[in-house]
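Since this is a predicted model, take the numbers as computed values, not measurements. In listed order, ligands and their atoms are each counted from 1.
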Amino acid sequence: MATLDFDFRNQIIQSDIGSTLAYCYQCATCSGACPVAQVTQGRYNPRRLILDALLGLKEKIFGKENAFNIWGCTVCDTCDEVCPQKVELTEIFTILKNMSIERGEGPEYYTTQASTILENGKAIPMQPAIERRRDQLGLPKVLTPDVNEVKKLLESTKLTEKLPKKEE
Ligand code: SF4
Ligand code: SF4
């Protein structure tokens with residue numbers, strides 16, 4: 001039987017951006033409008049995630065096997081726009097995603113992209129083919145980011161401590 005963890009629930013409600021969690025009355029308007037819920041036939045379900053958070057059902061939210069329950073969200077903000085109770089769903093999901101990262105359960109595609117930004121100063125490194133195409137189209141050169149500055153910023157946010165260590 002699932003354990004209700006009220007400390008976990010209160011941790012969200014007492015945060016600046018999570019207090020609206022308590023206003024949800026489970027109308028399911030969010031799930032009806034969510035594009036990810038539609039394409040996954042409800043396997044991803046924002047209404048259920050909000051309910052699990054409201055009940056403090058931590059074990060249904062976290063754990064590698066439940067990762068899609070949180071990380072399936074693409075942060076398109078549609079649910080926020082349609083919720084009649086003005087529940088800040090995507091902000092609440094961001095709190096859950098941050099907790100998931102703290103637990104070392106972030107999906108590999110996220111941490112890999114964060115490592116790419118750390119190493120290159122941007123998520124998608126410039127490629128010669130793209131540069132050639134831009135030249136042909138008469139587009140201006142893309143400035144090279146200051147990788148050291150980006151690294152310094154990311155280190156100060158402690159991102160580097162959250163990324164998986166590279167094997168020597
Ligand atoms: S639309 Fe708002 S009130 Fe309705 S279930 Fe979703 S979060 Fe709850
Ligand atoms: S922000 Fe996430 S949960 Fe909300 S509608 Fe978009 S994909 Fe669905």
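Taking a cut-off of under 4.0 Å to the non-hydrogen atoms of Phe93, the atoms of ligand 2 that pass are 3 (S). Listed by number with element, the atoms of ligand 1 under 4.0 angstrom from any heavy atom of Arg47 are 5 (S). Near Thr90, meaning under 4.0 Å from one of its heavy atoms, ligand 2 places the atoms 1 (S). Interface of Thr78 with ligand 2, defined as ligand atoms under 4.0 Å from a residue heavy atom, comprises 5 (S). The contact set between ligand 1 and Thr29, taken as ligand atoms under 4.0 Å from a residue heavy atom, comprises 1 (S). Close approach of ligand 2 to Val36 (heavy-atom distance below 4.0 Å) involves ligand atoms 7 (S). Contact atoms of ligand 1 toward Gln26: 5 (S), 8 (Fe) (distance under 4.0 Å to a heavy atom of the residue).
In this structure a side-chain-to-backbone donor-acceptor pair under 3.5 Å is present from Asn66 to Glu59. Using modelled atom types, one side-chain atom of Asn69 and one backbone atom of Lys60 make a donor-acceptor pair closer than 3.5 Å. Proximity of a side-chain donor or acceptor of Glu91 to a complementary backbone N or O of Ile17 within less than 3.5 Å is not detected. Counting only distance, with no hydrogens or angles, the side chain of Thr112 and the backbone of Glu108 share a donor-acceptor pair below 3.5 Å. With Arg134 contributing its side chain and Leu139 its backbone, the two residues share no donor-acceptor pair below 3.5 Å. Using modelled atom types, one side-chain atom of Asp80 and one backbone atom of Leu89 make a donor-acceptor pair closer than 3.5 Å.
Atom 8 (Fe) of ligand 1 has its closest protein heavy atom at Cys24 SG, 2.4 Å. Among all non-hydrogen protein atoms, the one lying nearest atom 3 (S) of ligand 1 is Tyr25 N, 3.6 Å. The protein heavy atom nearest to atom 6 (Fe) of ligand 2 is Cys76 SG, 2.3 Å. In this structure, atom 4 (Fe) of ligand 1 lies nearest to the protein heavy atom Cys27 SG, 2.3 Å. For atom 1 (S) of ligand 1, the nearest protein heavy atom (residue, atom name, distance) is Cys30 N, 3.3 Å.
Proximity of Asp77 to ligand 2, defined as any heavy-atom pair under 4.0 Å, is confined to the backbone N, CA, C and O atoms. At a heavy-atom cutoff of 4.0 Å, ligand 2 is contacted by the side chain of Pro46 but not by its backbone. Both the backbone and the side chain of Thr74 come within 4.0 Å of ligand 2, counting heavy atoms alone.
Residue contacts with ligand 2: Val75 is included, with a non-hydrogen atom under 4.0 Å away.
The residues Glu131 and Lys141 are annotated as not salt-bridged, no charged nitrogen and carboxylate oxygen being separated by less than 4.0 angstrom. Looking at Lys58 and Asp52, no side-chain N of the basic residue comes within less than 4.0 Å of a carboxylate O on the acidic one, giving no salt bridge.
Residues Phe93 and Val75 are not in side-chain contact: their nearest non-hydrogen atoms beyond the backbone lie 4.5 Å or more apart.
When the heavy atoms of Cys83, Ala28, Pro84, Cys79 are ranked by distance to atom 2 (Fe) of ligand 1, first place goes to Cys83.
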